[in-house]
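Notes follow the structure.
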Amino acid sequence: MRIHHLNCGTCCPVGGRLFDGKSDSPFGHLVCHCLLIETDAGLVLVDTGFGTRDIAHPLRRLSPFFLTLNNIQLRREETAVAQVRRLGFDPADVRHILVTHLDFDHAGGLEDFPNAAVHVTAREKEVADERAGGALVGTRRYRPQQWDEMQDWRLYPLGGGERWFGFDAVRDLQGLPPEILLVPLAGHTWGHAGVAIREDSGRWLLHAADAYFYRGEVGSERYSCTPALRGYQRMMEVDRAARLHNQQRLRRLSLDHGDEVRIFCAHDPVEFELLASGQR
């Protein structure tokens, strides 16, 4: 399998390095890290970032609260469908989309691929349809208009699957190769999951999505996170104990199995730049 790393949405919140840990300007730089995977089952996307309809009608599709707070930069060239074409593929060849969770910045491009099967945990689809994503942000984070035209949903349980490095894992995803797994990581949302992909080399990539937000939260015994992202994570969480527990488990995985698993999150620009450039 060949894996392409895509940034399908840039956010520039006021706060600079208080968000990203590196910007010298008043504005931070965050990404929406998605994957395009070439498989024998067709093209597979992991998350979609923002889509063409978000760009055409942002106030119909997105919450003004998050448009302002995150200072979302809606760029047509960053949509998944534009990048699929730029890589020389037909968007109709995207047969499957794995969604880590249905937040507005992960599911906005779903309807650009109307014939794709959407794989997500059953719990995530349930709470997203009810817009039960937390008292403060529940009605703002989930935007059913981003996915209400999708017809082919493949829903999976949160627990009880085979173990993967000590985590529950959903294997045998319908229509997908066995090298792609869902890894439940609840806390940010009730049905949040990561996606693990076994590369041809035998090493695993784990897209941990929003289980953490900053590169300093994994890879070291010492926890490190910028103050603005720490606050954002707390605002968006639905279960703090579960989120912190899973984050600690990911930190341990990165230390104990760093030679076997490369972990990255959805929004850290440094992680994205390293992986997109082929560095590890």
Practice task
Please lay out, stage by stage, how H4 and Q83 fare under the test side-chain hydrogen bond (donor to acceptor under 3.5 Å, both in side chains).
Solution key: CA-CA 10 Å; H4 305 270; Q83 295 190 67; over 6 Å; no
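- With hydrophobic clusters built from ILVMFWY side chains whose heavy atoms lie under 4.5 angstrom apart, W190 shares a cluster with L102.
- Remark: side-chain polar atoms of S23 are not paired, donor with acceptor, to backbone N or O of S25 under 3.5 angstrom.
- Cluster membership for L229 and V137, using ILVMFWY side-chain heavy atoms within less than 4.5 angstrom, is shared.
- Between E217 and R222, no side-chain nitrogen of the basic residue sits less than 4.0 Å from a carboxylate oxygen of the acidic one, so the salt-bridge criterion is not met.
- Distance alone, capped at 3.5 Å, places no donor-acceptor pair between the T121 side chain and the P157 backbone.
- Cluster annotation: L255 and V261 are assigned to distinct hydrophobic clusters (Ile/Leu/Val/Met/Phe/Trp/Tyr, side-chain heavy-atom contacts under 4.5 Å, transitive).
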Exercise for the section: Let me see the working for V120 and Y156 under side-chain contact (heavy atoms from CB on, under 4.5 Å), right down to the final yes or no. Expected result: CA-CA 6 Å; V120 68; Y156 303 94; over 6 Å; no
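- Taking the six-membered ring for Trp and the full ring otherwise, the centers of F272 and F264 sit at least 6.0 Å from each other.
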Only pairs under 3.5 Å count here: list side-chain donor-acceptor contacts from residues 27-37, not counting sequence neighbours, and write none if there are none.
unit_1 : atom_1 : unit_2 : atom_2 : d
H33    : NE2    : H5     : ND1    : 2.8

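- Partners of A117 according to the side chain to side chain contact (heavy atoms under 4.5 Å, CB included) rule, which considers only residues two or more places apart in sequence or in another chain, are H96, H119, D152, R154.
- Side-chain contact between I55 and R75 is absent, with no heavy-atom pair separated by less than 4.5 Å.
- To the nearest 0.5 Å, atom CG of residue L45 and atom CG of residue L6 are 7.0 Å apart.
- Under the 3.5 Å distance criterion, the side-chain polar atoms of R86 are matched with a main-chain donor or acceptor of E77.
- Within the model, atoms CG of N246 and CG of L253 stand 11.5 Å from one another, a figure rounded to the nearest 0.5 Å.
- Put simply, the side chain of W147 does not reach to within 4.5 Å of the side chain of V99, judged on heavy atoms.
- Note on L155 and M150: same hydrophobic cluster, where clusters join Ile, Leu, Val, Met, Phe, Trp and Tyr whose side-chain heavy atoms are under 4.5 Å apart, directly or indirectly.
- In terms of the salt bridge (charged side-chain N to carboxylate O under 4.0 Å, His left out) criterion, residue partners of D103 (sequence neighbours excluded) are, by chain and number, R141.
- Under the 3.5 Å distance criterion, the side-chain polar atoms of T189 are left unmatched by any main-chain donor or acceptor of H101.
- Between W164 and W204, the two ring planes are perpendicular [angle over 60°; tilted spans 30° to 60°].
- Distance check, rounded to the nearest 0.5 Å: CZ of R240 to CD of Q247 gives 12.0 Å.
- Residues R143 and Q146 have side chains that never bring a donor and an acceptor to within less than 3.5 angstrom of each other.
- Cation-pi check for R131 over Y142 is not met; the charged atom does not lie both under 6.0 angstrom from the ring centroid and within 45 degrees of its normal.
- When side chains are defined from C-beta on, K22 counts as touching P269, because their heavy atoms get closer than 4.5 Å.
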Exercise for the section: For salt bridge (charged side-chain N to carboxylate O under 4.0 Å, His left out), just list the numbers for D239 and R243, CA-CA rounded to whole Å, side-chain angles, deciding distance to a tenth of an Å, and then say yes or no. Expected result: CA-CA 6 Å; D239 185 333; R243 179 178 70 81; over 6 Å; no
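- For the residue pair Q145 / E111, no side-chain donor-acceptor distance below 3.5 Å is found, with atom types taken as modelled.
- Once rounded to the nearest 0.5 Å, the distance linking CG of D54 with SG of C8 reads 11.5 Å.
- Using a 4.5 Å heavy-atom cutoff, the side chains of V195 and L206 are not in contact.
- Distance check: R249 CZ to S254 OG gives 13.0 Å after rounding to the nearest 0.5 Å.
- Annotation: the span from E237 atom CD to R234 atom CZ amounts to 6.5 Å, rounded to 0.5 Å.
- Here the closest heavy-atom approach between residue L185 and residue A211 is recorded as CD1-CB, 4.0 Å.
- Linking Ile, Leu, Val, Met, Phe, Trp and Tyr residues whenever their side-chain heavy atoms come within less than 4.5 Å leaves I3 and V94 in two separate clusters.
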Practice task
Evaluate ring pair (Phe, Tyr, Trp, His ring centres under 6.0 Å) for H192 paired with H106, printing each intermediate quantity in order.
Solution key: CA-CA 11 Å; H192 184 277; H106 294 256; 7.6 Å; no
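- Using the six-membered ring where Trp is involved, F104 and F50 have ring planes that are tilted, between 30° and 60° apart.
- A distance-only check finds no donor-acceptor pair linking the side chain of R95 to the backbone of A41 [under 3.5 Å].
- Summarising the geometry of A242 relative to G187, their closest heavy-atom pair is CB-CA, 4.1 Å, with the distance given to 0.1 Å.
- Between A208 and I263 the shortest heavy-atom distance is CB-CG2, 4.0 Å.
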Exercise for the section: Give the C-alpha distance, both sets of side-chain angles, the deciding distance and a yes or no for side-chain contact (heavy atoms from CB on, under 4.5 Å) between F213 and H188. Expected result: CA-CA 11 Å; F213 272 67; H188 177 72; 4.0 Å; yes
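- Summarising the local packing, CZ of R2 is surrounded by 12 or fewer heavy atoms from other residues, nucleotides or ligands at distances under 6.0 Å.
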Compile the donor-acceptor pairs under 3.5 Å between side chains in residues 67-74 and protein atoms, sequence neighbours left out, one pair per line.
unit_1 : atom_1 : unit_2 : atom_2 : d
T68    : OG1    : P64    : O      : 3.0
N70    : ND2    : Y232   : OH     : 3.3
N71    : OD1    : Q73    : NE2    : 3.2
N71    : ND2    : C12    : O      : 2.7
Q73    : NE2    : N71    : O      : 2.8

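- Taking all atoms of both residues into account, the shortest heavy-atom contact from D259 to R203 is O-NE, 3.7 Å.
- A distance-only check finds a donor-acceptor pair linking the side chain of N7 to the backbone of G9 [under 3.5 Å].
- A128 and P144 get closest at one heavy-atom pair: O-CG, 4.5 Å.
- Side chain of S63 to main chain of R140: no donor-acceptor pair is present (N/O by atom type, distance under 3.5 Å, no hydrogens or angles).
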Please tabulate, one pair per line, all N/O donor-acceptor pairs under 3.5 Å involving side-chain atoms of residues 165-184, not counting sequence neighbours.
unit_1 : atom_1 : unit_2 : atom_2 : d
D168   : OD1    : R163   : NH1    : 2.5
R171   : NH2    : R163   : O      : 2.9

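- Contact of the T10 side chain with the E78 side chain is registered, since non-hydrogen atoms from C-beta on lie closer than 4.5 Å.
- At a threshold of 4.0 Å, the pair E149-R53 counts as salt-bridged, since one of the basic side-chain nitrogens sits closer than that to a carboxylate oxygen.
- The two residues S224 and Y214 come nearest to each other via the heavy atoms O-CD2, 3.3 Å.
- With sequence neighbours excluded, no residue satisfies salt bridge (charged side-chain N to carboxylate O under 4.0 Å, His left out) with R230.
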